[in-house]
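Reading through the structure tokens given below for one structure.
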Amino acid sequence: MEQTLLIYNTLTRKKEAFKSINPGHVGMYVCGPTVYGDAHLGHARPAITFDILFRYLQHLGYKVRYVRNITDVGHLEHDADEGEDKIAKKARLEQLEPMEIAQYYTRRFNSAMEKLNVLPPSIEPHATGHIIEQQQLVQEILDNGYAYISNGSVYFDIEKYNQDYKYGILSGRSLENIKDASRDTLAGIGEKKNQADFALWKKAQPEHIMRWPSPWSDGFPGWHCECTAMGRKYLGEEFDIHGGGMDLVFPHHECEIAQAQASMGHQAVRYWMHNNMITINGQKMGKSYNNFITLDQFFKGEHELLTKAFAPMTIRFFILSAHYRGTVDFSSEALEAAEKGFARLMQGLKDLKRIQTAKGSAPEVTKFVGELEGKLYDAMNDDLQTPVVISLLFEACHQVNLLVDRKAKISAADLETLSKVMRTWIEDILGLTNASSGSNSEKDKALDKVMQMVLDMRAKAKEEKDWATSDKIRDELAAAGIIVKDTPDGAVWEV
RNA sequence: GGUGCGUUGGAUGAGCGGUUUAGUCUCUGGUCUGCAAAACCAGCUAGGGCGGUUCGACUCCGCCACGCACCUCCA
């Protein structure tokens, strides 16, 4: 924990040295998915970005409580005025219970996360399980005079709030701006005093299935409440890190700040972190643009923009090869490049075992091994520069290749250090693992044996210079989709 | 209109005030191989325009041009 981790704080627009509120402990909250559809590539980004942070903080010795919510209620379709709960709408369309939908997509989300080797958070609270906490939050804001009741709904009074505090500090916009923008796009003010006011509690229309009793009306919480209420419940009135996608800065996180301030009199979050978007042909990938590719489609290769299926680890590597605050433009070509890069990294890890040690290391090898981990820490500590981490690990692979080819010498001690560093950084911190290592079914074992037999036969034919037979085996295996690669240590195969 | 970001070699995409600046794809040469594939090694005229700071800038600052994202549910 002697490492100084710099984190870019959206609130101050500066990189700041990270210091946790409670020494040795970190509380971290990240906005999770709204479970009314399959997760797409865009959802993978915050999940992976904050997974890296979660892993790295733990690596540095912190005990981390990581909370990522499941939004299963509360996101209104259009605007708080005439909105319809997204979950409820889809439920009616498909004649299912809202909870059935939420459960179904939650499972699918978690399964996709597992494939991407995203560690499960410490707590995954559901919005529907915290209605009482959200009502308490609303009541506090009402009691403090920063909200008003209108026709059974409760709205946050931005004008009033702005007199005592300042609304817009996170997104860097003034109340005047916000009002102007709202006036253009929306017609009547309706129940609200001010167009910029946002709903804390919404009275349910008769057609709403998801509803809860409250002092104000039968209804449901406004969509900014859950994160404020649940973050506070599990991480305390003040906690270290709040993360999410950049598109949540306004209004979601801006409203969270206002809610915390209005209810508790102080802000809850020390460091606001936001990952940038993934674009496709230069445009943000999103549900409303209808240009998204779900993670499932990636894994299966079922999308017109995909030339083939991509392994979850390829997607993870692809996302990590860009810095989290920059946009990443998706293309099949870019993913194919990522696939090769990832394979190269894994090969380097594997080839460590083939290195023959010498009595002593060459000076440049000692220098490289000695400096590697320090450089990795420097990169990671500078606001999680994973592209640099990866490029350093590629340099390590280059060293491994030289050593395998016996173009350099390495001592047993240096090799052990190199192995340990590479393993720790690739597997534990970046969370990249070899996907194929998990296949241990009876079928796979049987295939392994058969292949070993076939390759032995081919090796024998080669020994006897019976090229016709050896080539025939190679060609027929190729026709069956199995590629044979000859290496100095014998043939290897893959499907 | 407001708020941010970007402009790097044949393509993509990182880092860095000066020395050898990643990686991937394509191409070229080589090693290995019975041949091939794979793998590995090496190479392939780079940093939008104009100013400024500096002994020195692709890297810092300013202006301009172009492009992009966010400002509505959204990761």
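Just so it is clear: chains get the letters A, B, ... in the order the sequence lines come, proteins before strands, and each one is counted from 1.
The nucleotide C27(B) finds its pairing partner in G43(B), both defining distances of the Watson-Crick or G-U wobble pair being shorter than 3.5 Å. The base-pairing partner of C66(B), taking Watson-Crick or G-U wobble contacts with both distances under 3.5 Å, is G6(B). Pairing for A22(B) is absent, with no Watson-Crick or G-U wobble pair whose two atom distances lie under 3.5 Å.
To the nearest whole angstrom, the two C1' atoms, one in G10(B) and one in U26(B), are 7 Å apart.
For D471(A) and G34(B), a side-chain-to-base donor-acceptor distance below 3.5 Å is present, hydrogens and geometry of angles not being considered. In terms of polar N and O atoms assigned as donor or acceptor, the side chain of R474(A) comes within less than 3.5 Å of the base of A36(B) in a complementary pairing.
Under the 3.5 Å distance criterion, with hydrogens and angles disregarded, a donor-acceptor pair is assigned to the side chains of Y324(A) and D383(A).
Separating the CZ atom of F317(A) from the C1' atom of U24(B) is a distance of 8 Å, rounded to the nearest angstrom. In this structure, D38(A) atom CG and A75(B) atom C1' are separated by 15 Å, rounded to whole Å. Taking atom NZ on K166(A) and atom P on U3(B), their separation rounds to 12 Å, with Å as the unit. The distance between atom CD of E463(A) and atom P of C35(B), rounded to the nearest whole Å, is 17 Å.
The side chain of P251(A) lies closest to C73(B), out of C73(B), A14(B), A75(B). Listed nucleotides: G34(B), C25(B), U72(B). Nearest to the side chain of F250(A): U72(B). Closest approach to the R344(A) side chain among G34(B), A75(B), G23(B) is made by G23(B) (side chain taken as heavy atoms from C-beta onward). The side chain of H398(A) has C41(B) as its nearest neighbour among A75(B), G15(B), C41(B). Which of U24(B), G23(B), A75(B) sits closest to the side chain of D247(A) comes down to A75(B).
Among the atoms of the strands shown, base atoms are found under 4.0 Å from some heavy atom of M277(A).
The closest side-chain heavy-atom distance from M230(A) to V67(A) is not below 4.5 Å. Side-chain contact between L306(A) and F330(A): present, with at least one pair of heavy atoms (C-beta onward) separated by less than 4.5 Å.
Residues satisfying the side-chain contact (heavy atoms from CB on, under 4.5 Å) test with R474(A), not counting sequence neighbours, are R458(A), D471(A).
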